[in-house]
2 protein chains.
Amino acid sequence: MQQTSPRRSNRERTETTRTALLDAARTLIVRNGYAGTSTPEIASEARVTRGALYHHFADKRDLFRAVLEREAEAVAAQIRDATPAAMPAMEALLAGSLAYLDAMAIPGRTRLLLVDGPAVLGLDEIAAIDAAHSARTLQEGLEAVMAASGDRSIPIPALAVLLSAAFDRAALAIEAGSEPNDFRSAVLRLVERVVASVPG
Amino acid sequence: MQQTSPRRSNRERTETTRTALLDAARTLIVRNGYAGTSTPEIASEARVTRGALYHHFADKRDLFRAVLEREAEAVAAQIRDATPAAMPAMEALLAGSLAYLDAMAIPGRTRLLLVDGPAVLGLDEIAAIDAAHSARTLQEGLEAVMAASGDRSIPIPALAVLLSAAFDRAALAIEAGSEPNDFRSAVLRLVERVVASVPG
DNA sequence: ATTAACATACAGGCTGTATGCATGCAACAG
DNA sequence: CTGTTGCATGCATACAGCCTGTATGTTAAT
């Protein structure tokens with residue numbers, strides 16, 4: 001039996017309660033989806049009441065957004081760790097791509113960030129979350145690489161958008177049970193081929 | 001005022017009622033999302049009661065699936081029309097890609113098929129709907145083109161999956177207000193570059 | 001006569017809000 | 001520096017409204 005220790009600062013209480021709610025929401029939403037997860041269930045799993053949930057978050061959607069922010073930050077951190085600033089541009093681009101796939105392989109992340117997230121929060125809000133957490137972006141990586149090659153046949157912003165979509169789909173395919181190495185190599189070759197300077 | 005004509009066969013009644021429900025659901029879900037659309041609203045918009053809705057469809061989710069099937073079939077038909085069987089493989093591949101973007105430019109389709117659909121029905125069910133309606137697939141087009149070039153550096157199934165993701169994202173970007181021609185040309189160049197045989 | 005095509009009524013569950021209570025905490029008094 | 005006082009914070013409980021799915025009743029086609 002867990003006994004509430006009689007002396008806890010308000011900051012501590014808030015911290016533990018918020019974390020418990022975020023963890024509970026993540027677990028249940030990954031398992032049953034956003035719509036299939038009720039706030040009574042979340043509160044019960046977190047060992048608090050719905051009162052605590054609605055004290056710390058504006059509504060169910062706001063709790064979900066907080067879950068996604070935590071998740072997006074974790075993904076961004078994994079990519080940062082894999083691409084130190086000293087790394088050459090092309091190497092960083094490929095390493096970052098693989099790091100993204102690895103980060104998204106944490107169970108539930110694809111469902112949270114790529115499926116339920118866009119439907120519940122909308123594409124704009126998801127884009128804002130991504131933008132807020134990914135420091136060195138794919139677009140910057142492409143710019144660094146393609147500046148050298150002098151290739152201008154595809155505008156880089158559009159290219160970054162399309163490649164990022166391919167990465168997302170690769171992550172989904174891997175989570176769905178496809179052979180990870182098939183998609184890892186496919187993503188690497190796709191990037192290589194796309195940034196390769198046109199001969200002549 | 002619309003007066004129910006006194007003599008209508010059951011087949012006619014079913015047809016008109018089902019169509020009215022599908023149209024109403026499509027309109028409202030495109031506007032407010034699946035979760036933001038209630039069955040009372042749908043029934044009201046279709047000028048019937050919820051009884052009719054639950055008579056023709058197992059539940060709200062089943063109605064939504066029927067909406068998506070109709071939508072997916074319309075997309076597939078537009079692509080078929082743009083790629084007659086006599087067309088050379090590479091030309092058909094590029095024409096089909098553009099036809100997909102055009103088809104997905106019909107307002108609401110990206111939300112239905114790419115955002116709410118996967119979240120509500122799940123990725124598997126969406127994949128099944130796509131598979132059931134698209135006759136000549138992207139994968140077949142790639143196989144036809146790349147068989148000639150003899151290029152095997154990326155497995156074609158994985159490549160088809162990744163390219164299709166890029167197409168989807170392009171469609172979303174266009175619906176979100178990006179310049180359509182930027183993404184049309186980006187998609188064309190992406191396909192060209194990916195299927196281009198490696199020199200040597 | 002039977003069945004299809006609905007309309008109406010009902011039960012349970014969920015969301016968000018309003019309200020109440022206990023505890024931390026800051027300021028001031030002594 | 002300590003005790004008291006008053007407010008804010010953290011949370012639990014109760015309530016209102018809506019929504020979904022089902023059960024039941026009624027009319028019209030076959």
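Quick note on labels: first sequence line is chain A, next is B, and so on, each numbered from 1.
- Side chain to side chain, B:Arg184 and B:Asn181 meet the donor-acceptor criterion of an N or O pair below 3.5 Å.
- Heavy atoms of B:Thr37 sit under 4.0 angstrom from primed sugar atoms or phosphate atoms, though from no base atom.
- Note that the OG1 atom of A:Thr27 and the CD atom of A:Glu45 stand 5.5 Å from one another [nearest 0.5 Å].
- Rounded to a whole Å, the CD atom of B:Glu15 is 17 Å from the C1' atom of C:dC6.
- Where A:Gly51 and A:Glu41 meet DNA chain C, the nucleotide closest to each residue was compared, and A:Glu41 sits on the side nearer the 5' end.
- Rounded to the nearest 0.5 angstrom, B:Met146 CE and B:Leu159 CG are separated by 5.5 Å.
- Summarising the geometry, atom OG1 belonging to B:Thr37 is positioned 8.5 Å from atom CG belonging to B:Asp116; distances are rounded to the nearest 0.5 Å.
- Residue contacts for A:Ser38: at a heavy-atom cut-off of 4.0 Å it reaches the sugar-phosphate backbone alone, with no base atom in range.
- Note that CD1 of A:Ile154 and CD of B:Glu192 are 8.5 Å apart. Values are rounded to the nearest 0.5 Å.
- In this model, a side-chain donor or acceptor of A:Arg50 finds a partner on the base of C:dG16 within 3.5 Å.
- Residue A:His56 places none of its side-chain N or O atoms closer than 4.0 Å to OP1 or OP2 of D:dG10.
- Between B:Thr39 and D:dC19, a side-chain N or O to OP1/OP2 separation shorter than 4.0 Å is absent.
- Rounded to whole Å, the distance from CG on B:Asn10 to P on D:dA29 is 7 Å.
- As rounded to whole Å, 15 Å separates atom C1' of C:dC14 from atom CG of A:Leu28.
- Between A:Thr14 and the phosphate of D:dT9, there is no side-chain N or O to OP1/OP2 separation shorter than 4.0 Å.
- Taking atom CZ of residue A:Phe57 and atom P of nucleotide C:dT17, one finds them 16 Å apart after rounding to whole Å.
- Taking atom CG on A:Asp59 and atom P on C:dT17, their separation rounds to 8 Å, with Å as the unit.
- Straight-line distance from the CZ atom of B:Arg11 to the P atom of C:dC6: 14 Å, rounded to whole Å.
- A:Leu21 places its CG atom 12 Å from the C1' atom of D:dG10, with the value rounded to the nearest Å.
- Considering only side-chain N and O atoms, B:Arg13 lies under 4.0 angstrom from the phosphate OP1 or OP2 of C:dC6.
- The separation between B:Tyr54 atom OH and D:dG21 atom P is 4 Å, rounded to whole Å.
- The nearest heavy atom of DNA chain D to B:Lys60 and to B:Ser9 marks one nucleotide each, and the one closer to the 5' end goes with B:Lys60.
- For D:dG10, one of the phosphate oxygens OP1 or OP2 lies less than 4.0 angstrom from a side-chain nitrogen or oxygen of A:His55.
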